[in-house]
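To keep things clear, I will list the structure first and then write my remarks on it.
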Number of protein chains: 2
Amino acid sequence: MTDQRPYAALLAKGEDRRQRILAVAQRLLSRQGSRGTTIVQIAREAGVTPAGLLHHFESKEQLLHAVLDARDAFDEARADRMGDIVEELERVAERYREAPELVGLFSVLQMENIEPGAPLHDRFRTRYWVAVETLAEGIRRGQRAGRYRTDLDPTVKSVEIVAFITGIQTSWLLDPSIPLTEVFTEYTASLTRQLAPPSDTP
Amino acid sequence: MTDQRPYAALLAKGEDRRQRILAVAQRLLSRQGSRGTTIVQIAREAGVTPAGLLHHFESKEQLLHAVLDARDAFDEARADRMGDIVEELERVAERYREAPELVGLFSVLQMENIEPGAPLHDRFRTRYWVAVETLAEGIRRGQRAGRYRTDLDPTVKSVEIVAFITGIQTSWLLDPSIPLTEVFTEYTASLTRQLAPPSDTP
DNA sequence: ACCAACCTACCGAACACACGCTAGGTCGGT
DNA sequence: ACCGACCTAGCGTGTGTTCGGTAGGTTGGT
């Protein structure tokens with residue numbers, strides 16, 4: 001467990017501070033966006049000066065990428081053990097309340113980078129299609145297994161589902177008092193009805 | 001038709017320029033948001049200097065409100081003659097392509113004002129609930145008329161629909177090549193199936 | 001055990017720049 | 001003469017970033 005690199009203790013301390021900055025940055029960025037958050041603000045809440053922050057991240061944009069990379073890694077780790085998409089969808093609502101500070105990050109930053117040519121535009125666009133394709137593949141799997149009906153386009157349905165999730169996130173961020181669980185159960189229930197093969201209608 | 005006010009021609013010219021600024025501002029704001037758009041940029045594209053712009057709008061924030069007011073008035077005029085909500089929903093997709101520059105405005109600015117305490121937070125939150133309530137009232141009307149089944153909560157369903165519209169807007173802004181019409185027809189079709197009373201299943 | 005060389009973490013001060021906005025003025029129509 | 005439309009010039013502030021420096025832990029040689 002002991003680190004054998006040179007200057008191990010020093011580097012460990014730096015890494016610790018680095019993680020703290022990352023955490024603060026994530027929290028602030030997910031509410032105020034990139035343009036609404038200053039390096040000064042992040043540095044202050046992390047207990048460092050702006051110059052100290054830039055010792056760990058060479059620029060604001062690079063810090064932004066680092067935050068997104070951390071989240072991407074976190075999500076990927078969970079995406080591997082994905083089961084039935086409908087069951088998965090039902091669990092999304094829980095995660096909102098368990099970790100509210102994680103929720104807005106992508107939605108907020110994505111909105112700031114809608115314009116083609118925006119610094120993170122391409123990153124978010126490919127991320128979007130990865131999400132859609134992952135979902136579509138889940139549907140196709142269900143279709144091949146005979147659990148889902150085959151007369152609907154997986155991609156089209158996936159675009160719809162991603163849109164719903166994005167939208168409900170925005171709504172919830174704007175006003176956390178919306179009936180989140182009810183809406184989710186309603187939607188997943190209607191999804192199940194649509195996906196179920198027409199054979200079993202007693 | 002002729003204006004009898006004093007300085008009529010002058011005022012008309014000013015009003016003209018004012019409208020042009022408003023149009024440019026709307027276009028830019030709907031892609032880059034408020035923080036991503038400077039009055040210098042708006043002024044330049046409208047053919048005025050920043051000072052000239054501030055002659056018509058006393059501050060950047062006031063210009064923002066003016067843009068939003070204009071759009072609100074436009075939307076209200078259309079909301080009055082609203083018919084069946086499903087039919088209405090089908091027409092949304094057309095409007096995206098007819099007037100793409102109108103689309104992102106609210107979504108983008110809303111995202112910038114998610115944080116409670118943001119300058120336009122309250123405005124967007126009440127606007128959100130107005131949208132939900134309008135939709136819910138449309139559902140209730142259909143229920144009373146016997147066209148819709150009565151065993152689903154109008155508010156819950158409305159929150160879902162608003163989420164879908166918000167999300168599909170975001171998706172379309174990020175990548176206009178998504179199968180917009182297909183997704184819309186799919187969703188509205190599934191809505192009709194859900195709303196239809198269980199009597200007619202031949 | 002000691003020491004010089006080295007490295008990492010971090011700060012204080014300053015820089016260049018862009019932003020929103022103001023003050024004062026010019027021009028032309030009424 | 002008056003008024004509205006507009007411009008030029010500039011001010012104050014906040015931003016991201018750079019530069020030079022300090023403190024102190026770490027290393028390898030003697």
Side-chain angles (χ1 to χ4, degrees), chain A residues 2-25 28-29 32-68 109 112-113 115 118-120, chain B residues 2-25 28-29 31-68 109 112-113 118-120:
Chain A
T2 50
D3 200 331
Q4 293 298 8
R5 286 173 305 172
Y7 304 98
L10 237 49
L11 288 169
K13 183 194 175 193
E15 187 58 27
D16 196 62
R17 195 61 68 96
R18 202 186 133 95
Q19 291 301 331
R20 188 131 114 242
I21 293 170
L22 231 41
V24 172
L28 293 180
L29 287 170
Q32 308 173 342
S34 159
R35 292 195 246 256
T37 310
T38 76
I39 280 194
V40 181
Q41 195 184 356
I42 299 173
R44 192 189 320 130
E45 298 207 17
V48 200
T49 59
L53 186 151
L54 286 164
H55 171 72
H56 294 285
F57 303 91
E58 63 184 29
S59 72
K60 187 187 182 182
E61 186 171 344
Q62 207 245 14
L63 167 61
L64 238 151
H65 276 289
V67 171
L68 290 171
L109 293 180
E112 276 185 318
N113 289 274
E115 181 109 312
L120 301 177
Chain B
T2 51
D3 201 331
Q4 293 297 10
R5 284 174 304 172
Y7 305 100
L10 235 50
L11 289 169
K13 184 194 175 192
E15 186 59 25
D16 196 61
R17 194 62 65 99
R18 201 186 133 95
Q19 291 302 329
R20 188 131 112 241
I21 293 170
L22 230 41
V24 172
L28 292 179
L29 288 170
R31 306 285 138 152
Q32 309 173 341
S34 159
R35 292 196 252 252
T37 311
T38 76
I39 56 173
V40 180
Q41 194 183 358
I42 300 173
R44 191 190 319 130
E45 298 207 18
V48 201
T49 60
L53 185 151
L54 287 163
H55 172 72
H56 294 285
F57 303 91
E58 63 184 31
S59 73
K60 187 188 181 180
E61 187 171 346
Q62 207 246 13
L63 167 61
L64 235 151
H65 276 290
V67 171
L68 258 51
L109 292 180
E112 276 185 317
N113 289 274
L120 300 176

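Just so we're on the same page: letters track the sequence lines, and every chain starts at 1. Note that these values count all heavy atoms, side chains included, but never hydrogens, waters or copies made by symmetry.
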Salt bridge (Lys or Arg N to Asp or Glu O under 4.0 Å) involving B/E45 - partner list, sequence neighbours excluded:
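B/R27.
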
Rounded to the nearest angstrom, tell me the gap between atom [atom1] in [X] and atom [atom2] in [N].
{"X": "B/L64", "N": "C/dG20", "atom1": "CG", "atom2": "C1'", "value": "13 Å"}
{"X": "B/I42", "N": "C/dC21", "atom1": "CD1", "atom2": "P", "value": "11 Å"}
{"X": "A/Q32", "N": "D/dT15", "atom1": "CD", "atom2": "P", "value": "11 Å"}
{"X": "A/R35", "N": "C/dC19", "atom1": "CZ", "atom2": "C1'", "value": "14 Å"}
{"X": "A/K60", "N": "D/dT15", "atom1": "NZ", "atom2": "P", "value": "9 Å"}
{"X": "A/E15", "N": "D/dG25", "atom1": "CD", "atom2": "P", "value": "20 Å"}
{"X": "B/F57", "N": "D/dA5", "atom1": "CZ", "atom2": "C1'", "value": "14 Å"}

Just checking B/L54: base, sugar-phosphate only, or nothing, at a heavy-atom cut-off of under 4.0 Å?
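Base contact.
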
Working to the nearest 0.5 angstrom, can you tell me the gap between [X] [atom1] and [Y] [atom2]?
{"X": "A/S59", "Y": "A/I39", "atom1": "OG", "atom2": "CD1", "answer": "7.5 Å"}
{"X": "A/R44", "Y": "A/T38", "atom1": "CZ", "atom2": "OG1", "answer": "7.0 Å"}
{"X": "B/L63", "Y": "B/R18", "atom1": "CG", "atom2": "CZ", "answer": "9.0 Å"}

Side-chain heavy-atom pair A/L22, A/Q19 within 4.5 angstrom cut-off
yes

Using only atom types and a distance under 3.5 Å, with no angle test, would you say the side chain of B/E112 pairs donor to acceptor with the backbone of B/R35?
yes

Might you point out which heavy atoms bring A/A25 and A/V67 nearest each other, and give the distance in Å?
CB-CG2, 3.9 Å

Looking only at heavy atoms, which two atoms of B/H65 and B/L120 are closest? And how far apart?
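Scanning both residues, the minimum pair turns out to be CE1-CD2, 3.3 Å.
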
Using the 3.5 Å cut-off, write out each protein N or O paired with an N or O of nucleotides 6-10 of chain D and the distance between them.
| residue | atom | partner | partner atom | Å |
| --- | --- | --- | --- | --- |
| D/dC6 | OP1 | B/R17 | NH2 | 3.3 |
| D/dC6 | OP2 | B/H56 | NE2 | 2.9 |
| D/dC7 | OP2 | B/T49 | N | 3.0 |
| D/dC7 | OP2 | B/T49 | OG1 | 2.6 |

So which protein N/O to nucleotides 15-18 of chain C N/O distances come out below 3.5 Å?
none

Here's a test for you: under side chain to side chain contact (heavy atoms under 4.5 Å, CB included), which of B/Q62, B/R17, B/E15 qualifies with B/H56?
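Answer to the side chain to side chain contact (heavy atoms under 4.5 Å, CB included) test with B/H56 among B/Q62, B/R17, B/E15: B/R17.
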
